[in-house]
Amino acid sequence: MAHIIDGKKIAGSIKELLKQEVQSLKSQGLSPGLATLLVGNNPASQIYVKNKHRACQEVGIASFDYHLPEMASLEQVLAAVEELNRNEKVHAILVQLPLPSQVDSHRVLESILPQKDADGFHPYNLGRLLSAKDKKELTQKDSVIPLPCTPHGIMALLESTDQSISGKQAVVIGRSVIVGKPVAALLLAANATVTVAHSQTKNLEECCAQADILVAAIGKSKFVTASMVKPGAVVIDVGINRDGEGKIWGDVDFESVKEKAGWITPVPGGVGPMTIVMLLKNTVELARGYRRK
Ligand code: NAD
């Protein structure tokens, strides 16, 4: 039976540390601020944005809520980002994805100042992530690279186990820019041997069964079954899939896989809480970087 990696608890302790750090920054006259920009009325996005503001409140980060209508043009969205780029109280900007189809999300993400890039999705920051030689370079205190929040949270969960990452075989299922690709880059920086599998991968089951570390970011309920898992592996389930009754399921068949894996994250309560806490961490680090300028 696998050890359960308790993302909620780990996120809670990081939050406590951030709370202290925010207090200390405030006592030095710097109040970290995060702005969210939501375009349209996607119900899931509205909930995500609300949760991010609540999390900011919990640690004392100032949060600014910007909302544009569903029919907003690209120019209107770019103008809103420009305003936030100029706002001195805002140290981190998050554009809630997905954007409505008339708005080119690449153009919008590229318009955020890299030093205010809360999600780490700006091509400049993704490039810095890819060009970092190792983990040390990624976490240099004097030059902040905001890391994409979910992948950063996944790495913290892996580090919470007593398993080393260096030299391990890691398989990431999924190649999105939000999860799959950056988590592969982070695992590589931590010296894992990384395979990125995706919808066109042949022999997926055999490939996954070689993995000491298996990260599932597919978006398909219970996709990873016990036959795809190496005994004792660390299994990280990123999936958030809602069924007809609104219940949330991961990409991993938790009940069968927990009997075979060595470590496993639950859904909910695994990766999800880590994503938000890493957004708070990015905000604090970007604010600190702002002060250094
Ligand atoms: P995405 O749709 O952008 O990417 C899915 C990936 O899965 C693709 O790269 C695709 O190639 C791969 N894939 C699809 N079918 C496959 C198959 N049959 N075999 C192998 N690979 C297959 O999704 P995403 O944004 O990366 O998100 C993935 C999941 O993670 C979703 O459920 C999403 O809701 C969840 N998610 C959770 C968090 C969190 O905080 N917990 C954050 C982001 C995403």
Side-chain angles (χ1 to χ4, degrees), residues 5-8 10-12 14-15 36 42-52 54-55 94-99 101 105-106 109 118-121 126 146-158 160 170-187 194-211 214-225 227-229 235-243 246-254 264-282:
I5 307 174
D6 188 344
K8 211 169 157 190
I10 297 164
I14 300 176
K15 236 185 209 173
T36 62
N42 179 322
S45 293
Q46 284 176 322
I47 295 172
Y48 292 146
V49 165
K50 202 170 126 208
N51 289 344
K52 287 165 188 171
R54 194 187 315 128
L94 177 141
V95 174
Q96 186 63 45
L97 300 174
L99 289 166
S101 55
S105 55
H106 290 293
L109 294 177
D119 260 333
F121 293 154
L126 288 172
L147 298 175
C149 302
T150 303
H152 197 184
I154 292 170
M155 296 308 289
L157 291 176
L158 288 172
S160 78
V171 173
V172 178
I173 321 176
R175 56 177 160 181
S176 71
V177 178
I178 294 174
V179 190
K181 283 183 193 169
V183 84
L186 288 171
L187 284 163
V194 185
T195 303
V196 181
H198 48 78
S199 56
Q200 306 306 309
T201 298
K202 306 272 186 259
N203 307 324
L204 183 67
E205 187 166 325
E206 288 151 42
C207 170
C208 293
Q210 308 289 318
L214 182 61
V215 179
I218 311 148
K220 291 187 174 157
S221 214
K222 302 187 194 178
F223 183 91
V224 174
T225 54
S227 60
M228 297 166 78
V229 174
V235 178
I236 305 288
D237 188 351
V238 187
I240 301 180
N241 309 291
R242 253 170 237 279
D243 67 15
K247 191 168 173 352
I248 292 174
W249 300 94
D251 286 348
V252 175
D253 180 21
F254 184 83
I264 189 168
T265 59
V267 175
V271 175
M274 296 300 288
T275 296
I276 290 203
V277 98
M278 289 309 178
L279 172 67
L280 303 177
K281 193 171 162 67
N282 277 352

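By convention here, the first residue in the shown sequence is residue 1. Any value given below was found using the heavy atoms of this structure, including those in side chains, with hydrogens, waters and symmetry copies removed. Both ligands and their constituent atoms are indexed starting at 1 by order of listing.
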What protein heavy atom sits nearest [atom], and how far off is it?
atom                    : result
atom 36 (N) of ligand 1 : Val238 O, 3.6 Å
atom 11 (O) of ligand 1 : Ser199 N, 3.1 Å
atom 2 (O) of ligand 1  : Ile218 O, 4.4 Å
atom 29 (C) of ligand 1 : Gly219 N, 3.7 Å
atom 32 (O) of ligand 1 : Ile240 N, 3.0 Å
atom 8 (C) of ligand 1  : Arg175 N, 4.0 Å
atom 3 (O) of ligand 1  : Ser176 CB, 3.3 Å
atom 43 (C) of ligand 1 : Val179 CG2, 3.7 Å

Closer than 4.0 Å to some heavy atom of [X] - which atoms of ligand 1 meet that?
X      : result
Thr275 : 39 (C), 40 (O)
Val271 : 41 (N)
Phe223 : 17 (C), 18 (N), 19 (N)
Leu204 : 19 (N), 20 (C)
Gly272 : 40 (O), 41 (N)
His198 : 11 (O), 19 (N), 20 (C), 21 (N), 22 (C)
Asn241 : 32 (O)
Ile173 : 20 (C), 21 (N)

Do [X] and [Y] come within less than 4.5 Å of each other through their side chains, counting heavy atoms only?
X      : Y      : result
Ile173 : Leu214 : yes
Leu94  : Tyr48  : no
Ile10  : Ile5   : yes
Pro148 : Leu126 : yes
Phe254 : Ile264 : yes
Val224 : Cys208 : no
Asn51  : Ile47  : yes
Gln96  : Thr36  : no

At under 4.0 Å between heavy atoms, which part of Gln200 makes contact with ligand 1: side chain, backbone, both or neither?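 The answer is neither.
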
Nearest heavy-atom neighbours spanning Ala170 and Leu187: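 Taking every non-hydrogen atom into account, CB-CD1, 4.0 Å.
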
Does some non-hydrogen atom of [X] fall short of 4.0 Å from ligand 1?
X      : result
Ala217 : yes
Met274 : no
Thr150 : yes

What I want to check is whether the side chains of Glu205 and Ser227 have a donor and an acceptor closer together than 3.5 Å.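 Indeed, the side chains of Glu205 and Ser227 share at least one donor-acceptor pair under 3.5 Å.
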
Which one of Asn241, Asp237, Asp243 satisfies the side chain to side chain donor-acceptor pair (under 3.5 Å) criterion with Trp249?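 With Trp249 as partner, Asn241, Asp237, Asp243 yield a single side chain to side chain donor-acceptor pair (under 3.5 Å), made by Asp243.
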
Please name all residues satisfying side chain to side chain contact (heavy atoms under 4.5 Å, CB included) with Gln210, sequence neighbours left out, ordered by chain then number.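 Gln210 satisfies side chain to side chain contact (heavy atoms under 4.5 Å, CB included) with no residue once adjacent residues are dropped.
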
